[in-house]
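Order of the sequence lines sets the chain letters (A, B, ...), proteins ahead of strands, with each chain counted from 1.
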Number of protein chains: 2
Amino acid sequence: MGNIVRLNRAQRQFKSAACCAEATGHQSSMCDLLQLMGADVGDDPLATSVLVPIRILHAGDTLFHAGFAAAAIYFVRSGTFKIFQTADDGYEQVLGFAGRAEVLGFDALCMGQYPTAAVALEHASVFVVLVQDIFALAQRIPVFDRVLHLAVSRALTRRGDLADAMAAVAAEVRLARFLVQLSQRAAACGQSPCRFHLRMSRRDIASHLGVAHETVSRSFSALARWGLVRVDDREVEITDMVGIKSLTCSTRRPVDQPVAQGPRQTYVRHAVNKPMTHAVAG
Amino acid sequence: MGNIVRLNRAQRQFKSAACCAEATGHQSSMCDLLQLMGADVGDDPLATSVLVPIRILHAGDTLFHAGFAAAAIYFVRSGTFKIFQTADDGYEQVLGFAGRAEVLGFDALCMGQYPTAAVALEHASVFVVLVQDIFALAQRIPVFDRVLHLAVSRALTRRGDLADAMAAVAAEVRLARFLVQLSQRAAACGQSPCRFHLRMSRRDIASHLGVAHETVSRSFSALARWGLVRVDDREVEITDMVGIKSLTCSTRRPVDQPVAQGPRQTYVRHAVNKPMTHAVAG
DNA sequence: CGTGATCTTGAAGGGGGTCAACTGGAGTGG
DNA sequence: CCACTCCAGTTGACCCCCTTCAAGATCACG
């Protein structure tokens with residue numbers, strides 16, 4: 001795959017001065033953090049008095065490296081992040097993409113260092129909560145404890161989705177599942193579930209889905225040919241939501257008794273091609 | 001794959017009377033739970049006074065179903081569990097296997113229902129903490145809050161390992177990574193890192209690794225042929241720990257400048273076969 | 001305009017999915 | 001006790017899909 005550390009372009013592109021820019025961070029209050037996370041915090045004087053630093057990142061900036069000491073956890077205020085771990089040979093395995101109101105770096109708690117790295121894919125900002133403060137804050141501000149638990153629970157669910165996407169045999173199905181996930185996530189944020197701009201490169205998607213990046217390209221072309229999506233570089237529009245969702249159902253050898261209807265639609269791969277060409281023809 | 005719901009045999013095999021047997025559960029104290037999780041709890045009178053139910057399960061028993069309302073989270077006291085989600089067509093995607101001191105069902109918190117299911121692979125017992133009690137307990141017993149956060153952090157890391165195992169191109173590498181994970185996990189529990197009994201079927205492993213179960217069989221045979229492991233049904237012995245660990249390093253197209261040493265060892269698949277046959281010959 | 005990146009498409013080869021057949025063990029019922 | 005059934009596990013054969021290598025298009029930047 002060669003999903004190698006390639007920050008050069010992004011760094012040049014966005015002219016981020018410093019790689020690990022702690023720069024231009026200001027302060028906010030715990031109250032804002034709780035509101036971001038969807039908690040109902042009346043006017044808790046304690047929450048408003050506790051200050052929480054904010055860190056600003058440019059595209060390509062690294063929020064934290066894998067293997068570094070666990071200094072803090074982060075709550076995404078804006079922007080998108082790529083979560084990945086790097087193998088010995090430099091291969092990046094992308095575990096997921098995190099957006100607004102998601103927690104980052106929590107998996108470092110149990111081992112004292114980050115098992116994964118996080119890189120901003122666009123201009124972004126995060127709330128910073130130092131590891132050494134977490135438990136004290138959780139005790140002093142119960143609603144923060146609740147918010148944290150819920151956020152981590154969501155992060156856990158997200159990583160389950162990862163397996164979902166990688167489990168499909170056909171590459172087109174993997175991509176379809178990924179796009180549907182993005183769509184539903186966008187909808188949950190109040191954005192359009194049909195049109196969105198991909199923040200990540202084909203390489204990142206490929207690593208996330210466990211295929212070669214050329215295969216991602218081909219799968220995009222296939223989905224477009226079948227009339228399910230319209231693709232222009234990183235602009236994606238889902239033109240047939242029903243069709244793409246039905247495609248995502250193709251897993252492996254479905255059941256012991258396949259369907260016993262129609263012309264032996266046993267293979268998944270066939271199910272991938274057949275109905276789609278029909279859909280194009282129809 | 002046909003990784004279908006096949007509890008019949010297990011149920012018959014172990015003669016578990018009720019599928020969802022809440023049966024024969026007794027009570028224990030929060031103190032025991034905290035000690036299980038590795039916390040140092042002196043003689044906290046509060047912790048000893050809080051009672052925590054224990055649930056006993058037989059092999060094949062379901063701890064909780066996917067889609068059911070989130071009633072409780074569980075801490076594994078003994079035994080092994082299979083965590084999985086079931087697709088519409090009945091395909092089981094195995095997300096992982098959980099053992100002693102791991103938390104189960106936490107991902108249900110954020111959505112009110114379990115996104116995954118958990119089934120006991122052997123005789124097992126768990127501590128039961130009702131969802132409605134979690135936050136109150138976390139506030140009353142700070143150590144419990146800490147223990148919970150750490151356990152969830154570990155669960156998050158575990159799901160990262162899942163992607164690691166599924167990311168490899170070659171099936172033998174996936175299996176090797178899985179075995180190394182099991183080995184390291186066993187070592188962390190004070191058991192032998194070289195010999196262990198697999199609690200899960202080939203089908204479960206296949207689903208976990210994202211391959212067909214026939215491929216798992218073939219990969220076991222290949223690893224044995226290369227002298228890395230000895231396999232007898234579910235009894236596994238790692239006979240060449242260095243060799244199997246070096247095998248796990250094979251990812252995808254390593255780096256842009258391969259190694260430039262020796263005869264162009266660019267392909268992973270070659271690296272899989274070549275050195276191993278040498279190892280057998282040598 | 002050269003450089004280097006992303007993205008796309010083509011061609012070739014092989015690995016693994018799928019189906020099939022076989023073995024062996026466990027439970028069932030005669 | 002022994003046939004019978006069911007299932008886990010293994011191995012073989014076929015062939016499609018994906019990986020890999022390669023080349024071209026496009027864009028950004030100096």
Side-chain angles (χ1 to χ4, degrees), chain A residues 1-15 60 167-175 198 200-206 209-222 224-225 231-236 250-254 256 258 264-273, chain B residues 1-15 60 168-175 198 200-206 209-222 224-225 231-235 250-254 256 258 264 266-270 272-273:
Chain A
M1 284 275 335
N3 199 304
I4 308 306
V5 194
R6 284 211 178 107
L7 300 179
N8 306 340
R9 183 200 181 216
Q11 286 175 352
R12 278 189 292 111
Q13 194 170 354
F14 295 88
K15 301 183 174 58
V169 268
E172 299 90 351
V173 177
R174 298 193 193 194
L175 183 58
L198 298 177
M200 66 295 290
S201 70
R202 297 287 192 267
R203 286 193 138 78
D204 293 334
I205 299 176
L209 300 180
V211 298
H213 78 265
E214 297 95 327
T215 304
V216 173
S217 258
R218 274 185 262 267
S219 299
F220 265 120
S221 302
R225 195 179 331 120
V231 184
D232 175 26
D233 201 58
R234 298 195 178 180
E235 293 296 330
V236 173
S250 311
T251 48
R252 290 161 183 275
R253 249 187 287 172
D256 280 357
R264 290 262 314 164
Q265 179 190 330
T266 320
Y267 289 20
V268 175
R269 318 264 167 110
H270 294 175
V272 169
N273 290 321
Chain B
M1 284 268 340
N3 201 304
I4 309 304
V5 195
R6 284 206 177 114
L7 299 180
N8 307 341
R9 183 195 181 220
Q11 286 173 354
R12 279 188 291 113
Q13 193 170 357
F14 296 87
K15 300 183 175 57
V169 268
E172 298 91 350
V173 177
R174 298 193 193 195
L175 183 58
L198 299 177
M200 65 296 290
S201 70
R202 297 285 191 268
R203 284 192 140 78
D204 292 334
I205 299 176
L209 300 180
V211 298
H213 72 93
E214 296 97 328
T215 303
V216 174
S217 257
R218 273 185 264 265
S219 299
F220 265 121
S221 302
R225 195 179 330 120
V231 183
D232 175 25
D233 202 56
R234 298 195 180 181
E235 294 296 330
S250 311
T251 48
R252 290 161 182 273
R253 249 187 285 172
D256 279 357
R264 290 264 312 166
T266 320
Y267 289 20
V268 175
R269 318 264 166 113
H270 294 175
V272 169
N273 290 323

Open item on the list: Taking donor-acceptor contacts at under 3.5 Å, does the side chain of Arg218(B) reach the base of dG12(D)?
Closed with: yes
TODO: Kindly compute the distance separating CZ (Arg203(B)) from CD (Glu214(B)), expressed to the nearest 0.5 Å.
DONE: 7.5 Å
Open item on the list: To the nearest 0.5 Å, what is the distance between CZ on Arg202(B) and CG on Asp233(B)?
Closed with: 6.0 Å
Task: Whole angstrom value for the distance that separates P of dG16(C) from CZ of Arg202(B) - done: 17 Å
Task: Whole-Å distance separating the CD1 atom of Ile205(A) from the P atom of dC18(D) - done: 16 Å
Open item on the list: Using the side-chain heavy atoms of Ala212(A), tell me which of these nucleotides is nearest: dG9(D), dC18(D), dT19(D).
Closed with: dT19(D)
Task: Whole-Å gap separating C1' (dT6(C)) and CG (Asp204(A)) - done: 11 Å
TODO: Kindly indicate whether the side chain of Glu214(A) and the base of dC7(C) share any N or O donor-acceptor pair separated by less than 3.5 Å?
DONE: no
Task: Length of the line joining Leu198(B):CG and dT10(D):P, which is rounded to integer Å - done: 10 Å
Open item on the list: For dT11(D) and Ser221(B) - does any side-chain N or O of the residue sit under 4.0 Å from the phosphate oxygens OP1/OP2?
Closed with: yes
Task: N/O (side chain, Arg174(A)) to phosphate O (OP1/OP2, dC18(D)) under 4.0 Å - done: no
Open item on the list: Please confirm whether the shortest side-chain N or O distance from Thr215(B) to OP1 or OP2 of dG17(C) is below 4.0 Å.
Closed with: yes
- [ ] For Arg225(A) and dT9(C), give me the distance from atom CZ to atom P, rounded to whole Å.
- [x] 8 Å
Task: Separation of Leu209(A) CG from Thr215(A) OG1 (nearest 0.5 Å) - done: 10.0 Å
Task: Considering all heavy atoms, the nearest Val216(A)-Leu175(A) contact - done: O-CD2, 4.1 Å
Task: Nearest-nucleotide comparison on DNA chain C, the residue closer to the 5′ end among Ala171(B) and Asp233(A) - done: Asp233(A)
TODO: Using atom NE2 of His213(B) as one end and atom P of dG12(D) as the other, report the distance to the nearest whole Å.
DONE: 16 Å
Task: Donor-acceptor contact present, side-chain Arg174(B) to main-chain Ala168(B), <3.5 Å - done: yes
Task: Length of the CZ-P vector between Arg234(B) and dG25(C), whole Å - done: 15 Å
Task: Atom-pair distance (CZ on Arg203(A); P on dT8(C)), nearest Å - done: 12 Å
